Amino acid sequence: MSIQETIKNELNDAQQQAAFFGEGPLLIIAGAGSGKTKTLVYRVANLVDKGIPAEQILLLTFTRKAAEEMLKRASLILDHRCDNISGGTFHGFANTALRQYAQHIGFEPNFTILDRGDSEDLIKTIRKDKGLSSTDKRFPKKGTLASLFSKSTNTSTPIDKIVMSDYPQFLDFTDEIKLIETEYHHQKKLMQVMDYDDLLIRFLECVTQNPDIQQRFKAYYQYILVDEYQDTNSIQARLVKSILNETHNNITVVGDDAQSIYSFRGAHFQNIIKFPDHFPNTTIVKLEQNYRSTQPILDLTNAMIANATHHFSKTLFSENESDVKPEIIETVNDNEQSKFICKKILELREKDIPLSKIAVLIRSGWHSNDLELELKAHNLPFQKMGGFKFVETSHIKDVLSYCQIIYNPLDLISWTRLLLLLDGCGAAAAKKITSAIPANLHQLESIISNHKTKKYASDLLTLLKLVADPTTKTLKPSLILDRALTLYNPLFKLKYDDFHKRQSDIDSLVTIIDRFKTLDTMLTELSLDPPNTTQAGSDAVDREDEKLCLSTIHSSKGLEWHTVFILSAIDGYIPSFQSLGDIEQIEEERRLLYVALTRAEKELYIMKPNLDLSTSNHYKFSGMQFSNITRFLDQKIVSEYTNHQSSKPPKRNSNFSIPMDDDLTDPDTDLLYGKPYKSKKYLF
DNA sequence: GCGCACGGACTTTTT
DNA sequence: GTCCGTGCGC
Ligand SMILES: Nc1ncnc2c1ncn2[C@@H]1O[C@H](COP(=O)(O)OP(=O)(O)OP(=O)(O)O)[C@@H](O)[C@H]1O
């Protein structure tokens, strides 16, 4: 069957209009599960079929998971002609381009990429050097500074404006903050490193300062398509515009304003709404039929998003009739919630629903701690997406630092990290050594002369030799890792008492590294597409399709599962406690829940454990004591669109029956809405 | 100048 | 209950 016929078979009229659309700007704006990604992919197939070379079609999106899904679907319907489609994340694209063109803006192609921790380390040293750390407790710490800087670049807003709007408590330090930021930028260039934001802005800098390069990009890509456009911030929009051939304006963007969940990094749902303002002749296609979920699920999500303060005027309908309403499951505590989920998953398995078609969605990485233990206990294999990253664990970062300095010896952040591991070498000594590196790049070993008498002299010399040896970087990554581990192992065992547990991470790293052929692909990939090793359960089955998916809601965007559990859908978790002060942020949390609920095809379980939030320090000042179901599911919505049950809590968990304390929840009251915000006595 | 011990303030979400 | 930053003693 020809591609054209397939499209006619597979897509509805509106979808076909978009897929067959010819030249010029196109905006597909539609609700969840309406086939946006599917349409986008078929549009690509059609373009290739019409003879556009695949490599001249650029497919972009913000998150790795969405990019992966998009490319996976493309590869399924497209034949080998499409293997060469240029596609991935904005950061991945910028990185590839910069490896080629970085010299034009004063960077070598072997620049390395800073993760969040590296950025913070650099900021910390700058703050120390500038004498801005001591005594002043009110001065922002490194993490806050990193967020502030990132927000500033991502929203293209000057530092002082960000301080004023987001961090008014630091207004007195505005000048110092600006000073640190300037130095931060300066240092990154000296060290030939870029943070994630730099990848985008340095790319922009590169094309705007070099019209000939810009012209090359504009001439090369005939079509640019962006998925999940509502997650795009103005930097990314500018990036797209900078490489778009404006004589044709062949740009297609796809998204859903109701699913905009990245405002914390400068994305705004208005960006997609305003798209036609930037491209006046935009054709707009709206899709309203949902093909993913059953009608009862949509009834719930429609009702919930209709309560938003901004009106998202999309009511989805489905032809998937069903009389199974979403369930709200109340449990007495966190662990009962975990047990319920495990039990349910085992039942589903009986009904031949494979683990790969089930997902548990969480607001924040640690919410699933208890569940993970329970899943392990039930021997249910899972894969965790989002949240904590393996490559950001300190011992893994240690090991990777060896690789970074071998690849880019100017990366003084990694040098410092490794030097501090040496016994007797502290911040001052590390500073002295690293400051000698740039001038002695080609005779690194000479640096040892000033440190011969030190305790760490021999360790330092081995390290210098390893980096100075020009053959090291040409070795296979696994061999480089071998050499690094020879140096690291003794230090590692000294540094961590629990090195046994950490050793298994290092072993995983060795396995992961094995597939890389060169040092640069390895480092790039580990920064831009870090692997997850938090999978557990039976090691025997390593097939991805045999695993349950445990994912943050953010990382679940664009994906779908037969059955979805929303873990801990309680106020303070979603909406998250720290969003509560700001109406815009609370509304974003609503969209987040909307994204979560709309991932479900057939069955949806909304979990509501009764947690005692007052035991967690974090919630001490929130005035919350007992958990309530998320405010986005009010009584009317719950009673109309869901089934609500308590999972039979054990009436007594002791052999003694004692009088109930009035301060504790009365088991007979409605736990969903009863006994809300109790003030803690912290005021006394 | 380094390493350690004690006290404080917090634990979203992604690239 | 933890992680980070400071201050003190060696
Ligand atoms: N015309 C159609 N006929 C049958 N199934 C369809 C059709 N369009 C889409 N689907 C199916 O509906 C599901 C959702 O599609 P898709 O993921 O493309 O939606 P989406 O709009 O991108 O969703 P989201 O906004 O959540 O990312 C997929 O399983 C897809 O195969």
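These numbers were taken from a predicted model, which means no experiment stands behind them. Just so it is clear: chains get the letters A, B, ... in the order the sequence lines come, proteins before strands, and each one is counted from 1.
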For this session: Identify whether any heavy atom of A:Gln585 sits under 4.0 Å from a base atom; if not, whether one sits that close to sugar-phosphate; answer base, sugar-phosphate or nothing.
Result: base

When rounded to whole Å, the NZ to P distance for the pair A:Lys142 and B:dA9 reads 17 Å

Using a 4.5 Å cut-off on heavy atoms from C-beta on, say whether the side chain of A:Cys549 contacts that of A:Trp561.
yes

Whole-Å distance, A:Lys454 NZ to B:dG3 P, equals 12 Å

Which of B:dT15, C:dG5, B:dT13 is nearest the side chain of A:Thr89? It is B:dT15

| What do the steps show when you test A:Ile574 against A:Ile553 for side chain to side chain contact (heavy atoms under 4.5 Å, CB included), and what is the final call? | CA-CA 11 Å; A:Ile574 180 165; A:Ile553 300 173; 3.9 Å; yes

Next on the checklist: Heavy atoms only, 4.0 Å cut-off, all strands: where does A:Gly365 land among base, sugar-phosphate and nothing?
Outcome noted: sugar-phosphate

Between C:dG5 and B:dT12 - P atom distance, rounded Å:
16 Å

To the nearest angstrom, the NZ-P distance between A:Lys431 and B:dG1 comes to 12 Å

**Prompt:** Taking the side chain as C-beta and beyond, is there a heavy-atom pair between A:Leu528 and A:Tyr196 under 4.5 Å?
**Reply:** yes

message = Looking at A:Lys241, I want to see if its NZ is surrounded by more than 12 non-hydrogen atoms of other residues, nucleotides or ligands under 6.0 Å.
response = yes

So side-chain hydrogen bond (donor to acceptor under 3.5 Å, both in side chains) across residues 85-95 of chain A, not counting sequence neighbours, yields A:Asn95-A:Arg99

Please confirm whether the shortest side-chain N or O distance from A:Arg64 to OP1 or OP2 of B:dT15 is below 4.0 Å. yes

Near-parallel close stack of A:Phe264 and B:dT13 base (under 5.5 Å, under 30°): yes

Of A:Asp197 and A:Ser576, the one whose nearest nucleotide on DNA chain B sits closer to the 5' end is A:Ser576

Separation of B:dT15 atom P from A:Met385 atom CE, nearest Å, is 10 Å

Picking from B:dC2, B:dT14, B:dT12, the nucleotide nearest the side-chain atoms of A:Ala429 would be B:dC2

Q) Using a cut-off of 4.0 Å on non-hydrogen atoms, how would the nucleic acid contact of A:Ser555 be classed: base, sugar-phosphate, or nothing? A) sugar-phosphate

Closest to the side chain of A:Ala428, out of B:dT12, C:dT6, B:dC2, is B:dC2

Any stem touching DNA chain C, meaning at least three consecutive Watson-Crick or G-U pairs under 3.5 Å, ordered by first number, would be B:1-9 with C:2-10

To the nearest angstrom, the CG-C1' distance between A:Asp423 and B:dG3 comes to 9 Å

Side-chain contact check for A:His91: nearest option of B:dT14, B:dT15, B:dT12 is B:dT15

Whole-Å distance, A:Gln230 CD to B:dT13 C1', equals 15 Å

### Pairwise side-chain contact, A:Leu400 with A:Met522, heavy-atom cut-off 4.5 Å (strictly under)
yes

Presence of A:Thr552 side-chain N/O under 4.0 Å of B:dT13 phosphate oxygens OP1/OP2 | no

Separation of B:dG1 atom C1' from A:Ile433 atom CD1, nearest Å, is 13 Å

Assess whether ring pair (Phe, Tyr, Trp, His ring centres under 6.0 Å) is satisfied between A:Tyr101 and A:Phe217, documenting all intermediate values.
-> CA-CA 11 Å; A:Tyr101 293 105; A:Phe217 277 94; 5.6 Å; yes

Lys/Arg-Asp/Glu bridge criterion (N-O < 4.0 Å) met for A:Glu120, A:Arg116:
yes

Taking for A:Leu420 and for A:Leu592 the nucleotide of DNA chain B with the nearest heavy atom, the one nearer the 5' end belongs to A:Leu420

Work out how far the P atom of C:dT6 is from that of B:dT11, and round it to whole angstrom.
16 Å

ask   = Taking the P atom of each, how far is B:dT13 from C:dC4, in whole Å?
value = 15 Å

Taken to the nearest whole Å, CD/A:Glu120 to C1'/C:dG5 is 13 Å

